[in-house]
Amino acid sequence: MQDIYDFRSIEADVQNNWTANEAFTVTEDPDRPKFYCLCMFPYPSGNLHMGHVRNYTIGDVVSRFKRMQGFNVLQPMGWDAFGLPAENAAIKNQTAPAKWTYQNIEEMREQLQRLGIAYDWSRELATCKPDYYRWEQWFFTKLIERGLAYKKMAMVNWDPVEQTVLANEQVDANGCGWRSGAKVERREIPQWFLKITQYADELLEETDKLDEWPEAVRTMQRNWIGRSVGVEFDFVLAGRGGVELDVTKDGKADAIRVYTTRPDTVAGVTYMAVAAEHPIARAAATTNSEVADFIAECASTGTSEAAMEALEKRGVPLGLEAINPVSGERVPVYVANFVLMTYGTGAVMSVPGHDQRDWEFAKKFGLPIKQVIQSSKDPVDVEESAFVDKQNTVTINSGEFDGLDFAAAYEATAKHLETSANGERKVNYRLRDWGVSRQRYWGCPIPVIYDKEGNVHTVPEEDLPVVLPEDVAFSGVKSPIAEDPDFINTTVPGTNEPGTRETDTFDTFFESSWYYARFCSPGANAMLDERANYWLPVDQYIGGVEHAVLHLLYARFFHKLMRDVGLVTSDEPFTRLLTQGMVVAESFYRNDGDGGKPVYYNRDELEISYDDKGRIASAILISDGQAVTVGRIEKMSKSKNNGVDPLKMIERYGADTMRLFSMSDTPPNQSLEWKEGGVEGMHRFLKRLWREALKLDDSYANAVLDTGSLSADQKAIRRKTHETIGKVSDDIERRFTFNTAIASMMELFNELSRFKDESESGKAVVHEAWSALVRLLSPFTPHITHELWQRMGYTTELIDEAWPEQDKDALTRDEIELVVQVNGKRRSSVTVAASTSKEDCEAAATADANVQRHLEGLTVRKVIVVPGRLVNIVAN
RNA sequence: GCCGGGGUGGUGAAAUUGGUAGACACGCCGGAUUCAAAAUCCGGUUCUGGAAACAGAGUGCGAGUUCAAGUCUCGCUCCCGGCACCA
């Protein structure tokens, strides 16, 4: 029998054993509590990276832990397989996106399997396969029937590099595409939308109930939905200046409709502003060239750039006046670049006294600033800045509405507007409907056929799926299906009329919005079947925080859609959410690229030296012997070339070491700093574990434990064992602090290594400790523990063992150490029997020599005894 | 600007309910083993003074509450993440 820790053969053998036994294949079992643990599935790039290792290890630890606790655990894995990288690779490598994707899936599955994650591979799915996407095509037709999917011309974010439409969420704060980084343009094209706004209220309300989600994610979702409560009402136009108007929503040509959350400030309106796209601005432009020029200018800058020019507020008067429905005053109407056509009515009332934007605009154009709200504490001057408080205020200069606080003024004015200004109370959302059309090839075809009049016909169920041709030549300029007559030309359903297929495909978030449910119904001849309601909702979902709004909001929306179509019975898809942090590492570069741009070097190409504090002192490129600059510690990425290949590391140290390292250093929601020294430390620990464990012979397993006759040291080992069981269980289950769980197991191991006692009772407590330790460690390092379990003489499979139970009796102490403080400073400690009374603790503490020394010349005023912890003597 | 999360040794971090600040690791220093190295083992490691016992200081900064504050309160500061003309 070999004594060295041969992780390569151990891991291969153990994995083969699991595969042969289909150890992680599960079916529904109504007699056992279920636990569905899911990690966000990967895009099959072909390369496993450290972020995957971290993500999937967390899920595996939770899954294996739950399994040992007796739960029927489902942990599946699949592939988020549609998307742009396949198209980019196709252009680069002259291969079809499908071929490239399927190859990557094969490779990545193999890489993933080397980590030894307890997946039920029989449920594996790939979103690019017709047997998956046919059901979302079917679902889409149901949504059209229910009016939840619709088509409209829409201004979209057009990425000029990727030649596609981006969702608002895919455009960053600078107006650039999230992947290409190119400046996004505006275009108007017909698009399919899902009515997520119809679910805005429910999504928002239930955000409050997701109490096992990180607060940060819930806040982001609330902000994203952006609910606001206000009043919509009309400002009647006074003079039209000869402008022919066809304006507001309800066809009224004589008023401008606005939305406000501050009806209490209407009396303070001194002007109005409309968006450049507003019909009244367009109408005015026909007779006013200054207005026309301004509108043209706004259109060319685009939404995103307009956002960038936030600091520069500009506008042009339309030559119109409207009547303030509260004060009766006439106010001028402007077209302004800061008003959004897509929110509210596209027109705003401006209250420069009580809104900072309006204030800035008024100052710039010399418009009057009228104060209608005053602080009930210290009077404020609205010439200095806008006064926006709502608390401790009183209305002034508002005629019949004077002297009211916010709530009363809101109510009174809203009522007035309802009766006199065609007003209605209204809730508005920042959230917009979800545009799901993409002008892309490698995605799920939208199952729609147009007749020659352009009418929409959904593809009937029996004709689904609309299969995406996979064997295509791909140039990258136009989607292959958009120029493929075999794909496009068809007949209109139910007729012999010629028809044409929709050539747009779905946003890939469509696929990832329901995959978690499909895992529950593999092979079902329906989108989902009754098995889904056994497993759903997902009990534990784990993934990157970058999906806090996009994917997680869409999936919640989809779940509610599926519920309303009758496919699932639950309201929310993910009960508990863990968002894991990034894996970060140093980057190294030289500014010798084109135009002095940095060129990044991987640490594999470098010789790195450290100072005596262990910090990086310098790095030298091996190939030319010259120094490179040590950059920031940042997320491992291709662009910074600071990634570390997990497979190389698994080859060098083993999967157990990589799993243990990824969990040991940092709590899962924080950034994990890559340090090979840390990996070596974990490897060292496993080698020591192996060596120490092999010292246990049969006499340990056979030793009889008599808890009634243990020595103090033996009791101490038992106490440590059972404390560790409690600590590790709590850290995994409740706290998610896997790093401290590992630390406590190391503490137990260190104590065991020092404990030398060959007596019967000594061997018995050691055996008990090892038996617990191996099981506690098994979710983290399942291979080595499997092997050790066998070598300890057990004939059972470790994965089928029960999680260790804490024996509360083992936790009791005969003696305790009390810290003694004098005036709050630690001066000594005394050991007393656990049963010692407060008075005796106090006496023992006071009697201590060092304590006496510090009490010299002082009078004791008070003694605080915290049982089991400390004694604080207050003296002066 | 608004919202959220943070700031603790040379480093990653721990301290869960206000009760011994720095667990567990990494790194470093010293020693053992070795012809030598790797590997392994033992000891030390918050800072200052001291051979040590011990003493003083110490959780971003400044106040406060308390017998006792990394933890609670108030003010400030810096960092990270998200959102940002949303009327």
Side-chain angles (χ1 to χ4, degrees), chain A residues 4 173 214-220 222-224 226-228 230 258-262 265 273 306-313 336-340 342-351 355-358 360-361 428-432 545-546 548-549 581-582 610-615 661 664-667 669-682 684-685 687-688 691 727 730-731 734-735 737 739-747 749-750 817-829 850 853-854 861-864 866-875:
Chain A
I4 59 151
E215 194 50 50
V217 175
R218 294 204 284 167
T219 306
M220 280 190 248
R222 284 192 198 102
N223 292 343
W224 195 263
R227 183 178 198 266
S228 71
V258 299
Y259 173 74
T260 183
T261 56
R262 293 293 303 272
T265 65
M308 279 190 71
E309 286 191 274
L311 302 171
E312 244 260 278
K313 287 187 175 40
N337 66 342
F338 67 88
V339 183
L340 302 174
T342 47
Y343 186 79
T345 61
V348 297
M349 61 177 218
S350 295
V351 190
D355 181 286
Q356 192 57 30
R357 280 164 316 186
D358 297 346
E360 284 168 27
F361 192 84
N428 263 322
Y429 300 93
R430 211 191 77 108
L431 183 72
R432 307 289 147 76
V545 73
E546 66 271 20
V549 260
M582 307 175 290
Y610 299 86
D611 65 15
D612 60 2
K613 303 277 194 201
R615 291 175 292 214
F661 170 72
S664 68
D665 222 39
T666 307
N669 54 343
Q670 290 180 32
S671 290
L672 170 66
E673 219 174 286
W674 171 260
K675 278 189 301 190
E676 191 146 353
V679 179
E680 280 166 1
M682 289 307 118
R684 223 160 18 231
F685 168 70
K687 282 196 286 189
R688 286 202 292 145
R691 220 169 33 235
K727 169 84 178 145
D730 188 46
D731 282 352
R734 179 178 64 86
R735 299 212 309 152
T737 49
N739 54 328
T740 55
I742 292 167
S744 71
M745 288 187 281
M746 287 183 167
E747 278 184 60
F749 172 75
N750 289 342
E817 196 196 17
L818 284 179
V819 166
V820 186
Q821 298 179 333
V822 177
N823 291 329
K825 279 194 192 297
R826 186 190 200 277
R827 292 303 176 190
S828 187
S829 69
N850 204 38
R853 209 160 58 75
H854 284 275
R861 300 293 173 192
K862 197 170 166 188
V863 179
I864 286 125
V866 182
R869 290 209 177 255
L870 59 70
V871 179
N872 188 11
I873 302 169
V874 185

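Below, read A as the first sequence line, B as the second, and so on, with proteins coming before strands; counting in each chain starts at 1.
For A:P667, the side-chain atoms get nearest to B:A14 when compared with the rest of B:C85, B:A55, B:A14. Closest to the A:E673 side chain, of the nucleotides B:U11, B:A87, B:U16, is B:U11. The side chain of A:R430 has B:A84 as its nearest neighbour among B:A84, B:A87, B:A57. Ranking B:C83, B:A57, B:A13 by closeness to the A:T666 side chain, first place goes to B:A13. When distances are taken from the side chain of A:L340 to each of B:C85, B:U16, B:C86, the shortest belongs to B:C86.
Nucleic acid contact class of A:Q670 (heavy atoms, under 4.0 Å, all strands): sugar-phosphate only. Nucleic acid contact class of A:N850 (heavy atoms, under 4.0 Å, all strands): sugar-phosphate only. Among the protein residues, A:V545 comes within range of no part of the nucleic acid, since none of its heavy atoms lies under 4.0 Å from any strand. Across all strands, A:R218 comes closer than 4.0 Å to no nucleic acid atom at all (heavy-atom distances). Within 4.0 Å of A:R227, counting heavy atoms only, lies no atom of the nucleic acid at all.
Ion pairing of A:E215 with A:R218 is present here, as a side-chain N (NZ or NE/NH1/NH2) and a carboxylate O approach within less than 4.0 Å.
For A:T737, the side-chain contact (heavy atoms from CB on, under 4.5 Å) criterion is met by A:D731, A:R735, A:N739, A:T740, not counting sequence neighbours. By the side-chain contact (heavy atoms from CB on, under 4.5 Å) test, A:P214 is found to be paired with A:V217, A:L577, A:T579, residues two or more places apart in sequence or in another chain being considered. Partners of A:Y343 by ring pair (Phe, Tyr, Trp, His ring centres under 6.0 Å), not counting sequence neighbours: none found. By the side-chain contact (heavy atoms from CB on, under 4.5 Å) test, A:V819 pairs with A:Q821, A:R826, A:L870, sequence neighbours left out. Looking at residues two or more places apart in sequence or on another chain, you find a side-chain contact (heavy atoms from CB on, under 4.5 Å) between A:R430 and A:W224. Evaluation of the ring pair (Phe, Tyr, Trp, His ring centres under 6.0 Å) rule for A:F361 yields A:Y271, A:Y334, A:F338, A:F365 as partners, not counting sequence neighbours. In terms of the side chain to side chain donor-acceptor pair (under 3.5 Å) criterion, A:N823 has no residue partners (sequence neighbours excluded). With sequence neighbours left out, A:R869 forms a side chain to side chain donor-acceptor pair (under 3.5 Å) with no residue at all.
Spacing of C1' atoms, B:U59 relative to B:U8, comes out at 4 Å, to the nearest Å.
The residue among A:G346 and A:K687 whose nearest nucleotide of RNA chain B is located toward the 5' end is A:K687.
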Every protein N/O lying under 3.5 Å from an N/O of nucleotides 47-51 of chain B:
none

Polar atom pairs (N or O), protein with nucleotides 3-6 of chain B, under 3.5 Å:
none

Where protein sits on nucleotides 17-27 of chain B, one letter per nucleotide: B base, S sugar-phosphate only, - none, heavy atoms under 4.0 Å: --BB--BSSSS

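Interatomic distance, A:M582 CE to A:E546 CD, rounded to the nearest 0.5 Å: 9.0 Å.
A stem is defined here as three or more consecutive Watson-Crick or G-U pairs, each with both distances under 3.5 Å; for RNA chain B these stems are B:1-7 with B:77-83, B:10-12 with B:24-26, B:27-32 with B:40-45, B:46-49 with B:54-57, B:60-64 with B:72-76.
When the side-chain nitrogen and oxygen atoms of A:H854 are compared with OP1 and OP2 of B:C54, none of them lie within a distance under 4.0 Å. Close to B:C86, at under 4.0 Å from its OP1 or OP2, lies a side-chain N or O of A:R357.
Spacing between atom CG of A:N428 and atom P of B:A87 amounts to 8 Å, rounded to whole angstrom units.
The side-chain heavy atoms of A:Y429 and A:S228, taken from C-beta on, include no pair separated by under 4.5 Å.
Checked by distance alone, A:R262 brings no side-chain donor or acceptor within 3.5 Å of a matching partner on the base of B:A87.
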